[in-house]
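Inspection log for the structure reproduced underneath, given as structure tokens.
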Amino acid sequence: DLSVEIPVNSKDELGQLADSIRTLAREWNHLRRERSEFLASISHELRTPLTYIKGYADIARKNSHADNGTYLNIIYEEANKLSDMIKNLFDLAKMDRNSFQIQKQNFPLLPMLEQIEHKLSPAFQNKNVTLTVRCKKNILLLADPIRFEQVIINLLDNAYKYSEPHSHIHLNVKKEEGIWKLIIKDNGKGIPKEDLPYIFERFYRVDKSRTRSLGGTGLGLAIVKEIIEAHGWEIHAYSQEGVGTTMEIWLQGGDIIEETAARR
Ligand code: ADP
């Protein structure tokens, strides 16, 4: 750590300068610790799937008559996980360099949500989880369609991952107290109160061992938040352990257009 001891405590300009330098040093140390924790997390996260890939590839190449199909499947899945994670890391790095740009355009919201529903429902059937989408027919959204889809898929995927079989997930688009909101509600395991403030942080996971088996990396919500904020929107999380989680995206008023029926 950078240690600065300035024996100046006066209230004058020199004292203020000393205060500023002490604050800077504290910030510097904080950032350095954060960077080091971040690198440690990355190394760990990248190494885990690689360990599986190497291990099973080794078994497969040594035993020609062993159950290579199983090993190859694991290798394939873990390699997929790795490439997802690397893609996420690239996204975050781009966001950090401020070279992340979104391209907003108008598109009808309901067909977009239905398309996402269509993409996810085969996977949701594995756990018999149902998804209900409610959105007025005539809404146009101004957003980056690719990034918007990424956000919704990420949130729905979390809702699914942390739900028991036979659960319900609701996606509603509605105006509440003058604000257009996109609300994703699940009745899954919920998030403990003490963890809730941190879930948008990089690599933060509530239950490290359990979520590992669910294939999480803790990067999803960090990216979701960056994308939401790049749009000028807000995301709010509400949750109660054992009851469920609600994620609300508060859209900017100007980004929603309700088409009138008499449009030619
Ligand atoms: P992960 O890849 O682990 O899902 P995320 O950044 O998407 O990472 O989420 C961070 C953590 O927040 C998760 O590990 C999980 O503990 C918690 N979480 C996110 N969404 C939900 C949800 N819908 N229900 C319960 N827990 C959730």
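Each ligand, and each atom within it, is numbered from 1 in the order the structure gives.
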Quiz item: Does a side chain donor of either Asp255 or Trp233 reach within less than 3.5 Å of an acceptor in the other side chain?
Solution: yes
Exercise. Assess the side chains of Asp195 and Tyr204: does a donor N or O sit below 3.5 Å from an acceptor N or O?
Key: yes
Quiz item: Are side-chain heavy atoms of Ile116 and Glu149 found at a separation under 4.5 Å?
Solution: yes
Distance-only donor-acceptor pairs under 3.5 Å for side chains of residues 247-254, two or more places apart:
unit_1	atom_1	unit_2	atom_2	d
Glu248	OE1	Trp250	NE1	2.9
Gln252	NE2	Gly232	O	3.2

Report, in ascending order of atom number, the atoms of ligand 1 lying under 4.0 Å from any heavy atom of [X].
X	value
Arg205	3 (O), 14 (O)
Gly218	1 (P), 2 (O), 3 (O), 6 (O), 8 (O)
Ala159	23 (N)
Lys161	1 (P), 2 (O), 4 (O)
Tyr204	10 (C), 11 (C)

Quiz item: Is any N or O atom of Leu221, backbone or side chain, closer than 3.5 Å to an N or O atom of ligand 1?
Solution: yes
Quiz item: Is there a nitrogen or oxygen of Asn158 sitting under 3.5 Å from a nitrogen or oxygen of ligand 1?
Solution: yes
Quiz prompt | Atom pair CG/CD1 of Asp186 and Ile169 - distance to nearest 0.5 Å | solution = 6.0 Å
Quiz item: Which bit of Ile191 is near ligand 1, meaning a heavy atom under 4.0 Å away: side chain, backbone, both or neither?
Solution: side chain
Quiz item: At under 4.0 Å between heavy atoms, which part of Val206 makes contact with ligand 1: side chain, backbone, both or neither?
Solution: both
Quiz item: Closer than 4.0 angstrom: is that true for some heavy atom of Gly190 and an atom of ligand 1?
Solution: yes
Self-check item: N-O pairing of Lys136 and Glu258 below 4.0 Å
Solution: yes
Practice problem: Using a strict 4.0 Å threshold on nitrogen-to-oxygen distance, state whether Arg22 and Asp19 make a salt bridge. | Solution: yes
Quiz item: Any idea which of Phe200, Tyr162, Tyr160 brings a heavy atom closest to atom 13 (C) of ligand 1?
Solution: Tyr162
Quiz item: For atom 23 (N) of ligand 1, which candidate among Asn187, Thr246, Asp186, Ile199 holds the nearest heavy atom?
Solution: Asp186
Could you pull out every donor-acceptor pair under 3.5 Å between side chains of residues 33-43 and any protein atom, sequence neighbours left out?
unit_1	atom_1	unit_2	atom_2	d
Arg33	NH1	Asp1	OD2	2.9
Ser41	OG	Glu37	O	3.0
Ser43	OG	Leu39	O	2.6

